[in-house]
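Computed from a predicted structure; not experimentally measured. We count residues from 1, following the sequence as given.
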Amino acid sequence: QESGSLLSETPRREILRYMNIRQDAAEPALLSRVEEEVAVLLKLARPAAVYERFPLMLGEDGHVTIGPESFVSHTLQKNLDGAHAVWAFAATLGPEIDRRIRRSELGNMLTALIDQAAAAAMAEEWCGLLCERLRGELLPGERCVARFSPGFGDLSLERQQLFQDLLQMDKSIGIRLTDAYLMIPSKSVTAFMGIRRKEKE
């Protein structure tokens with residue numbers, strides 16, 4: 001579990017982007033509201049993550065084997081092409097962020113919009129920090145490819161179950177899955193990140 005202060009540098013332009021507002025078009029009153037809500041969310045955030053490195057095997061016709069789990073995904077296989085191992089990770093901002101958003105939705109809709117956008121930007125910032133950590137744990141001569149999450153391409157949301165099976169994320173950091181394979185807390189992310197050997201210069 002990490003300190004919410006890690007997220008204090010979340011770019012405000014990213015929050016506005018999630019709100020579909022250009023930074024140069026945002027009124028001072030709105031920017032002030034954003035700062036107020038970010039301060040609240042930073043106090044509530046409890047960033048946490050669990051991750052593990054697994055061996056990887058890529059077969060024919062989209063077959064992917066990550067550790068003990070085998071399944072079919074052509075788009076994930078393409079993303080992992082050339083990789084020999086993979087990081088699997090789950091990351092979350094914690095349950096208090098969800099509670100804050102629910103309270104906002106029952107009150108002021110502008111506040112709710114800001115909270116949703118700020119929390120999304122903070123979750124992305126947390127994943128970026130986590131990916132930097134994983135790159136720092138690579139072996140000499142290795143590099144990571146871009147992360148890939150369920151819900152993209154033909155890697156369906158049902159594959160969220162893989163992360164539960166591989167990482168026990170419900171017990172380790174409190175992420176559980178609904179019957180529709182959505183994550184609770186909602187500001188949570190799961191992803192695979194392939195590991196390749198650097199090309200010789």
Side-chain angles (χ1 to χ4, degrees), residues 1-21 30 32-54 69 87-134 137 147-152 155-193:
Q1 187 157 296
E2 307 291 341
S3 168
S5 62
L6 284 175
L7 304 173
S8 60
E9 298 305 315
T10 300
R12 301 307 187 255
R13 66 179 179 275
E14 287 298 299
I15 298 173
L16 294 172
R17 184 177 66 83
Y18 278 106
M19 297 173 67
N20 293 315
I21 298 173
L30 175 60
S32 178
R33 287 288 300 278
V34 168
E35 291 299 326
E36 291 172 2
E37 286 307 304
V38 167
V40 171
L41 293 176
L42 285 174
K43 291 180 180 179
L44 296 175
R46 296 294 182 271
V50 58
Y51 58 88
E52 190 169 341
R53 177 176 170 143
F54 294 96
E69 303 292 338
W87 288 114
F89 75 77
T92 184
L93 295 182
E96 291 301 323
I97 297 291
D98 280 10
R99 295 188 183 103
R100 171 66 182 185
I101 291 172
R102 286 196 298 269
R103 287 194 297 269
S104 298
E105 289 173 342
L106 294 174
N108 187 294
M109 288 311 298
L110 175 59
T111 302
L113 177 63
I114 294 171
D115 285 348
Q116 283 282 6
M122 289 166 61
E124 185 62 24
E125 179 75 3
W126 176 219
C127 285
L129 292 168
L130 178 60
C131 288
E132 282 301 310
R133 176 188 299 178
L134 297 182
E137 295 188 16
R147 72 179 193 260
F148 199 93
S149 295
F152 291 93
L155 189 67
S156 69
L157 282 178
E158 292 182 14
R159 298 302 179 189
Q160 301 279 31
Q161 185 62 44
L162 288 168
F163 294 88
Q164 172 56 33
D165 296 339
L166 291 169
L167 302 174
Q168 298 297 301
M169 60 187 185
D170 59 339
K171 297 177 182 177
S172 54
I173 57 172
I175 297 177
R176 61 184 180 87
L177 298 176
T178 69
D179 291 341
Y181 298 98
L182 299 176
M183 288 182 285
I184 300 175
S186 64
K187 299 309 177 187
S188 302
V189 177
T190 57
F192 293 115
M193 194 160 66

Revision key, fill the gap. What one should report as the nearest heavy-atom pair of Cys127 and Ala91 is SG-CB, 4.4 Å

**Study point:** Distance in Å, Ile184 CD1 paired with Lys187 NZ, rounded so as to fall on 0.5 Å steps
**Key:** 13.0 Å

Practice item. Please lay out, stage by stage, how Phe192 and Leu162 fare under the test side chain to side chain contact (heavy atoms under 4.5 Å, CB included). Key: CA-CA 10 Å; Phe192 293 115; Leu162 288 168; 4.2 Å; yes

Check your understanding: Of the non-hydrogen atoms in Ser172 and Leu167, which two are nearest, and what is the gap between them?
Key -> OG-O, 3.7 Å

Check your understanding: What are the two closest heavy atoms between Trp126 and Ala48, and how far apart are they?
Key -> NE1-O, 3.2 Å

Review point. Can you check whether Pro185's main-chain N or O pairs, donor with acceptor, with Asp98's side chain at less than 3.5 Å?
Key: no

Point to revise | Electrostatic pair Glu105:Arg102 at N-O distance under 4.0 angstrom | key: no

Check your understanding: Are any of the side-chain heavy atoms of Glu125 and Leu93 separated by less than 4.5 Å?
Key -> no

Check your understanding: Do Arg147 and Glu124 sit within salt-bridge range, that is, some charged N less than 4.0 Å from a carboxylate O?
Key -> yes

Check your understanding: At what distance, to the nearest 0.5 angstrom, does CE of Met19 lie from CG of Leu113?
Key -> 4.0 Å

Review point. Just wondering, do Val40 and Asp115 contact through their side chains at under 4.5 Å, heavy atoms?
Key: no

Check your understanding: Can you name the closest pair of heavy atoms from Tyr181 and Leu157 and give their distance?
Key -> CB-O, 3.3 Å

**Study point:** Inter-residue atom distance Glu69.CD - Phe54.CZ, 0.5 Å rounding
**Key:** 8.5 Å

Check your understanding: Say you draw a straight line from CG of Leu42 to CE of Met122; how long is it, rounded to the nearest 0.5 Å?
Key -> 4.5 Å

Exercise for review: Locate the shortest heavy-atom distance separating Ala49 from Leu130; write the atom from each residue and the value.
Suggested key: CB-CD2, 3.8 Å

Point to revise | Spatial distance of atom CD1 (Ile114) from atom CD (Glu36) [nearest 0.5 Å] | key: 8.5 Å

Point to revise | Shortest non-hydrogen contact from Leu166 toward Glu52 | key: O-OE1, 4.0 Å

Review point. Does Thr190 offer a backbone N or O that forms a donor-acceptor pair with the side chain of Ser149 under 3.5 Å?
Key: yes

Exercise for review: Apply the test side chain to side chain contact (heavy atoms under 4.5 Å, CB included) to residues Arg133 and Tyr51: give CA-CA distance (whole Å), side-chain angles for both, the deciding distance (0.1 Å), then the verdict.
Suggested key: CA-CA 11 Å; Arg133 176 188 299 178; Tyr51 58 88; 3.5 Å; yes

Review point. Atom CD of Gln116 and atom OG1 of Thr111: how far apart are they, to the nearest 0.5 Å?
Key: 12.0 Å

Practice item. Could you go through the side chain to side chain contact (heavy atoms under 4.5 Å, CB included) check for Arg53 and Leu134 one step at a time? Key: CA-CA 9 Å; Arg53 177 176 170 143; Leu134 297 182; over 6 Å; no

Check your understanding: Where do Thr92 and Met183 land on the side chain to side chain contact (heavy atoms under 4.5 Å, CB included) test, with the steps shown first?
Key -> CA-CA 9 Å; Thr92 184; Met183 288 182 285; over 6 Å; no

Practice item. Might you confirm whether atom CZ of Arg176 has over 12 heavy atoms from other residues, nucleotides or ligands at distances under 6.0 Å? Key: no

**Study point:** Lys171 versus Gln164, side-chain donor and acceptor atoms under 3.5 Å
**Key:** no

